[in-house]
Amino acid sequence: DNKPSTLDAVVTRHIIETLEKADGRIEGIGGAAQMLDINPSTLRKRMRKLGIPYGRLAGRASTL
């Protein structure tokens with residue numbers, strides 16, 4: 001099955017990889033939003049839409 005990934009799947013993967021490089025930080029110097037050159041609130045909104053946990057939710061997701 002050589003079906004291409006959906007745009008949401010590609011964006012989700014890119015955000016997660018960037019968060020890993022930023023050690024989970026969304027904002028501030030070295031944060032994922034800065035790396036992606038977008039506003040931190042825009043990144044959080046997109047993460048919520050894509051179902052990517054962050055903050056306290058991210059910590060709980062890893063223990064489930």
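The analysis underlying the following values was restricted to heavy atoms, covering all of them including side chains, and did not include hydrogens, waters or symmetry mates.
Met35 approaches Gly30 most closely through the heavy-atom pair CE-O, 3.3 Å. Closest approach of Ala33 and Leu43 over heavy atoms only: N-CD2, 3.6 Å. Nearest heavy-atom pair, Arg13 versus Ser5, reported as atom, atom and distance to 0.1 Å: NH2-OG, 3.5 Å. Contact record, Ala22 with Gly31: CB-C, 3.9 Å, taken as the closest heavy-atom pair.
With values rounded to the nearest 0.5 angstrom, Thr12 atom OG1 is found 11.0 Å from Glu17 atom CD. Remark: Arg25 CZ to Gln34 CD distance equals 9.0 Å, nearest 0.5 Å.
Inspection of the Asn39 and Ser41 side chains reveals an N or O donor paired with an N or O acceptor under 3.5 Å.
At most 12 heavy atoms of other shown residues, nucleotides or ligands fall within 6.0 angstrom of atom CZ in Arg46.
Looking at Thr42, its side chain never comes within 3.5 Å of a backbone N or O of Ile38 through a donor-acceptor pair.
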Fill in: side chain to side chain contact (heavy atoms under 4.5 Å, CB included) between Ile15 and Val11, intermediate numbers included
CA-CA 6 Å; Ile15 290 173; Val11 171; 3.8 Å; yes

Practice prompt. Given side chain to side chain contact (heavy atoms under 4.5 Å, CB included), test Leu19 with Met47 step by step and report yes or no.
Written response: CA-CA 11 Å; Leu19 280 167; Met47 289 171 66; 3.5 Å; yes

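Hydrophobic clustering keeps Leu36 apart from Val10 (ILVMFWY residues linked when any side-chain heavy atoms are closer than 4.5 Å, directly or through intermediates).
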